[in-house]
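What follows is one structure encoded as structure tokens, with my remarks underneath.
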Amino acid sequence: MFGELIILSAVLFAVGAVGFLTRRNAFVVLMSLELMLNAANVVFVAASKQWGGPEGLASVLIVIAIAAAEAAVALAALLALFRVVGTEKIDEWRALRG
Amino acid sequence: MKALVLPVAAGVFFLIAVMLSPLFTGRRWWVALVYLFAAAGVLAVMGLTRPLAGSHVAALRLVDDALARIAFIVAVAVAGFTGLVVADYRRANPHASGEATALVLASVTGALIAAMAGDFLLLIVGIELASLPVYVLTGILRNRPRPAEGAMKYILLGGFATGVMVYGSALIYAAAGSTSMIAAVNALHTGASKHILIAGLALFATGLAFKASLAPFHMWTPDVYEGAPTPYTAFMSAVIKFVAFAGIIRLFAFFAFVTELKHIIIALAVISMVWGNFAALVQDNVKRMLAYSSVAHAGYILVPLATGHKEGVVAALFYLVLYALMSAGAFGLISYNEGEEGKGVTFEDLTALGVKKPLIGLCGVILFFALAGVPPTGGFMAKFYAFKAAVDGGLWWLALVGIFTSMVGAYYYLKVIVFMYMKKREGTGSTGNAKVLTVAGVLLLSLFVLAYGVDPKSLLDVVKVAAEGALQLLY
Amino acid sequence: MIVEWVIRALGIIAVLSALVAITRRNPIYSAVFLGLNFLCLGGIFTFYVSPFVGAVQIIVYAGAILVLFVLAIMILNLRDEDLGPSRRTVVKFFAVIAAIGVVWLIITITAGFVPPGREAGTISAAQVGRALLEAHVVAFEVISVLLITAVVGAVVLAKKRMEV
Amino acid sequence: MEDAMLRLILLFPLAGFLFNAFLGKRAGERVVSWVGPASIFFSFATGVYFMSQLAGLGEHGYIRDVIFTWIASGEVSIPFSIVFDHLSGWMVLVVTGVGFLIHVYSIGYMHGDKGYYRYFAYLNLFVFMMLVLVLGSNLLLMFLGWEGVGLCSYLLIGFWFTEEERARAGMKAFIVNRIGDLGFILGIATLLWGSAVVSHPTVEFSQLQAVVPRLPEWVVLAATLLLFVGATGKSAQIPLYVWLPDAMAGPTPVSALIHAATMVTAGVYMVARMNFAYSAAPLAMDVVAGVGVATAFFAATMGLVATDIKKVLAYSTVSQLGYMFVGVGVGAYAGGMFHLTTHAFFKALLFLGAGSVIHGMSGEQDIRKMGGLKDKMPWTYRVFLIEGLALAGIPPFAGFFSKDEILFKAFASGHKLIWAVGIAAAFMTAFYTFRLIFLVFYNTPRYDESVHPHESPPVMIIPMAILAVLSFIGGFVLGFPHHSLIEAFMEGVFRHGVEIHGASGLEMGLMFLSTIVAVAGWAVAYRMYVVDTTLPEKIAQRFKAAYALLFNRYWVDEIYDTLFVKTYLGISDGIMRYIVDDVIIEGFLNTAARTSLGTGRQLRKLQTGDVQAYGFAMLAGVLLVLAYIVWRWAT
């Protein structure tokens, strides 16, 4: 079971990475980031059971909190940027380059 | 419990600043005073606790050693400097400076936590607390396109790096049964799950490499450095890099067991030095140039670390402290010349600055010669120790790459000075109003950079203790 | 035995819903499927080792973070024609290749490895709480600072008028 | 002998710098005019005091002052200490003595300038750095001063930056010097590494002296050659000479200080200081002498055609530095130092004189637009004449003795070819020197009527007069053949020097030959630039019959000019400009620059501004790291 869960986490991480790299909509890109963090949580949970200790589960809670904090700031920044440039499409943000 | 004194002190001052700062937003001097008050208070608390040689691991997975203290002092000092520069900067660029003060101090708190972390998850939390306010500070001029875009890019890529780091720490947990560094070392000794642990460490180091702007994880750097308001660029270029490298130095203790990781470090160092220096050659915007130079300097700092010796750690720490001073000072100087956000930051805009403002000109000469690594500045000493450590560790060719690329780098640093002393055409930067606080801050940093070049031993003795402590933790 | 198959089923649904989430053109659909993904993961956590963590996963992720996303999407009020074409196929191709690489590498590295500890049955909320306040107490405290910072930061960035 | 007072030599100029930089603006021009020169004068006086102390210590005596431990890392411990011995003491007197006079001269030259205090601050700092270079007891400290003088020279040249053109000259100087510095650093590294192998790592001169004989010959050769690369950069030798003629943009007193008396001689001083190492590597010595004589020759040919008064002096400096390298390269270290000293006198004077001319001509620098200034600026003319005679090598002026000493030593040590080329260069030196003097001071004025030449104030004339006296007597007092004071003085330092003895008759013969050559140079110049321009018309008017003859004579000159001078100059100019300058310097530098910039532009294209492209780079990095781990451990 442990091995299968690791595979699940790897696949989720990879799906998150693909979403992060290919989607133009910034909201979906941010969701992909959440997917990647969740993939790590799966590893924490699986390993926590095998080790027979609750530390990994406590780690999950902390990771969730980090994800929440990041999501809040990211969405606020996205709103601010949207107000200025009028688009949420990632590849149209090209004021900074070179 | 003694290990808690520092974070608690930092937290208390953070909270005080949060509560007080909106009261003082109206006046320029108050902003600077809040920063200085916080800095002085934290440093005073630090003075009350005995300075530590060696390394003390508390039950709370906190490490109180000289490395943590140096990181904290640098972070506090740079924050104070930022306060001075911001106080002048916000006249032409009004922004929520009360909140900004709170955010800077929160970032300093995060830097301390990260530097004291004896646990991978705690290290992530600390770095996150150091970075999150910087994301916001980048975009704090939120109705201008470049800062807003820079913030968003920083958040997206920073989130990606956090994801990789968290995944790495999850693998470490799976292999070691705990995220504490001690447990990880013990697991390395027993060796059953060594490669998983190494993979976890490597992923973790990748995230740190992102924060330290090491190529190829550096690509956010120029965009974010250019987009962010210049005083906050000064802050992040010094503090975030310092924290990331403090983390790398903590991880460094593992390399004693895993010497093969050396190759990854060498590769990162070479790519960073080459990419950073060559890309900086063709920039017109000084902030972007300094961003690429920041990448190159990250490479130089990695050079001595690749040896795996204690001397390497000493040299890297020495370099790191000086880089924090030089870089913050250089961005402060750009901020001096900047009017409204983004106006006055190209090479052309610096024309005749040194002629018109001799004191700033002198600072510029010191800082940019230091960045270029020309004696008698501290930048030369930093490069000297770094490359010497590499040669002593048998990596003479890596030192040669460093020397050659720093020759390339000398070109664009000198370009700044040449423009600063060129007459005739008028600079477009707004130097009309006197920016007394900025000048004072930049001058102070320049003098430190110069003093450490003339007398490097005073700093070297300190970082030696720090390096010993950091390595002692896990052996 | 049954539990294992339930977990497998949930895992498959989680992967599928993640795939759907990152391929929808409308971000609202993405959010919905992401919610499904979180629910599945919460289920896995619950059945595998800890109902408490599973509940937190569902409450915080599906209940709070996703709602935040949906709220933000609603505020911007994106219409369908704003969604535009997606990335070029080449980009997608390389991304998928890279992703397969990541999966393959992680599986190769972890192949055959099982942590050598004592396998636990169910871990109670009390145990998790104790771990949080013993092993991770500093992180736990710092998280509170992190969250307050995030609130300050989000307000600074998103509030309509505040140029002091 | 230890003496903590020795640091006063350094502290005076440093204090002067600090005062002028931070209080100078408020203190005003009068105070700065006192503080600037006085700080150098006190330094000079301290030097004289220690010189008298040194006299009581015997020929191997020295005075040492360890100020603090500068670098301590592992085994290496490098003190910040200064040593005053016969060699460095001599240099201190030259640097501070000539430096002081130039400071005094600057009071008049810079009068009323807005950046007056800044100028003196830089000047003081420059002298401080030069003294660090000279007095430093180890190579690293020397390098510190080496870079420090470079830094100050950019500041001082930059003082006058008005156009991008001049800024570019500063860049060129910087890049060329960085190449030299790379050699210097690698040379230091080689010695550090070599000494670590045979005993313990050190760069102290006194310890290296013991270490060098135990090193393998190729290590010494590599180290000395690398250090010499540094010297070619700083002392403007082939192929790194190109920066000096371009760096004439600064104020003229700056040129006098930096490009005549002090900074450019650092390379010669370094070779003299490291004489124990060079003597142990004969091939390196030959390279030094060869490069020196080639530079002396080609730079002299460039001097023949230059029309800018300061450019003439610049090429002349490069050429004279070549002579000094010939001196140290054939083992006549004292001879090299002798020429360094006399050159410091007369070349500083030449620059100051040129400055006086430019000052009087309201900034005009083209010698074709001067002429007839003899009556307008009598004092300037007199000192210019003395220094010209000294530079041209006409006895009994200083340049004659020192240059002849070097040529004689080259001949006597068997370097006959070097001697021959040196003699040819000496001829050209005399020629272009008098060409300059005739064009500037003789004949009818060729400048516009709007220009009113005037004599310079006494504060500028007096330092020039002192230097003129030194240029006159310096030669035979210090280095009278066979009774050379300077050689005896430095004997203790140069015990590794090659003992060169030649017959007295031979020396006399060579001296006579040199004199003839110098006089010939004068005669040719006189004929071409004085006789031909005035006589033809007068004679043509009085004797119409003789006109044809005269015309023919003129014609002969034309043929001579076309066939010999121009062709020859064309060839040498071609060699210099197209091969050395264009191919080696420009070609190499430009290719390097183009490649670098091209690389930079390619990298810049990668920075598309697209976040996801950046994400790809990161993911690629993660993948490679993981793949490495799989390859290394998991298979």
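Just so we're on the same page: letters track the sequence lines, and every chain starts at 1.
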Tell me, side chain or backbone of B:L156 under 4.5 Å from chain D's heavy atoms, or both, or neither?
side chain
If I compare all heavy atoms of B:D223 with all of D:G609, which pair ends up nearest, and what's the gap?
OD2-CA, 3.9 Å
Spacing of OH belonging to D:Y628 relative to CD1 belonging to B:I198, to within rounding of 0.5 Å
10.0 Å
Examine distances only and state if a side-chain atom of B:K153 and a backbone atom of D:Y614 form a donor-acceptor pair shorter than 3.5 Å.
no
Counting only non-hydrogen atoms closer than 4.5 Å, does B:M152 touch chain D with its backbone (N, CA, C, O), its side chain (CB onward), both, or neither?
neither
Between D:L606 and chain B, with a heavy-atom cut-off of 4.5 Å, which part of the residue counts as in contact: side chain, backbone, both or neither?
both
Cut-off 4.5 Å, heavy atoms of chain D, and the answer for B:F217 is both
Taking atom CZ of B:F404 as the centre, report whether more than 12 heavy atoms of other residues, nucleotides or ligands fall under 6.0 Å from it.
no
Highest number of heavy-atom pairs under 4.5 Å with chain B: which of D:M129, D:E147, D:R601?
D:E147
Rounding to 0.5 Å, atoms CZ (D:R118) and CG (B:L362) come to a distance of 10.0 Å
Best-contacting candidate, D:V132, D:L186, D:L182, against chain B by heavy atom pairs under 4.5 angstrom:
D:L182
Can you tell me which of B:A410, B:G361, B:A202 forms the most heavy-atom pairs within a distance under 4.5 Å of chain D?
B:A410
What heavy-atom pair brings B:M219 and D:A617 nearest, and what distance separates the two atoms?
SD-CB, 3.4 Å
Can you say whether D:Y117 sits under 4.5 Å from chain B via the side chain, the backbone, both, or neither, judging by heavy atoms?
side chain
Measuring heavy-atom distances to chain D, does B:L203 have an atom under 4.5 Å in its side chain, in its backbone, in both, or in neither?
side chain
Could you label the plane-to-plane angle of the B:F380 and D:F143 rings as parallel, tilted or perpendicular, counting under 30° as parallel and over 60° as perpendicular?
tilted
How long is the straight-line distance from CD1 of D:I629 back to NE2 of B:H195, given to the nearest 0.5 Å?
10.5 Å
Which portion of D:L626 sits near chain B, non-hydrogen atoms under 4.5 angstrom:
side chain
Validation row: D:V611, B:F160 side chains within 4.5 angstrom (heavy atoms):
no
Residue of the set D:L140, D:I188, D:I185 for which side-chain contact (heavy atoms from CB on, under 4.5 Å) holds with B:F384
D:L140
Side chain, backbone, both or neither: which part of B:A399 has an atom under 4.5 Å from a heavy atom of chain D?
neither
Return the option, out of D:L597, D:V625, D:L624, with the maximum number of heavy-atom pairs under 4.5 Å with chain B.
D:L597
Can you check whether D:T599 reaches B:V274 side chain to side chain, under 4.5 Å on heavy atoms?
no
More than 12 heavy atoms of other residues, nucleotides or ligands under 6.0 Å from CH2 of B:W396: is that the case?
no
Side chain, backbone, both or neither: which part of B:W220 has an atom under 4.5 Å from a heavy atom of chain D?
backbone
Would you say the side-chain atoms of D:Q607 pair up with the backbone N or O of B:P222, donor to acceptor, closer than 3.5 Å?
no
Contacting region of B:V365 [heavy-atom separation from chain D under 4.5 Å]
side chain
Bottom line for B:I196: the part with an atom under 4.5 Å from chain D's heavy atoms is neither
Would a distance-only check, ignoring hydrogens and angles, find a side-chain to backbone donor-acceptor pair under 3.5 Å from D:R604 to B:V282?
yes
Enter the distance from D:I67:CD1 to B:D455:CG here, rounded to the nearest 0.5 Å.
12.0 Å
Might you work through the side chain to side chain contact (heavy atoms under 4.5 Å, CB included) test for B:Y292 and D:L603, ending with a clear yes or no?
CA-CA 11 Å; B:Y292 280 111; D:L603 288 173; over 6 Å; no
Contact class of B:L268 relative to chain D, heavy atoms under 4.5 angstrom:
neither
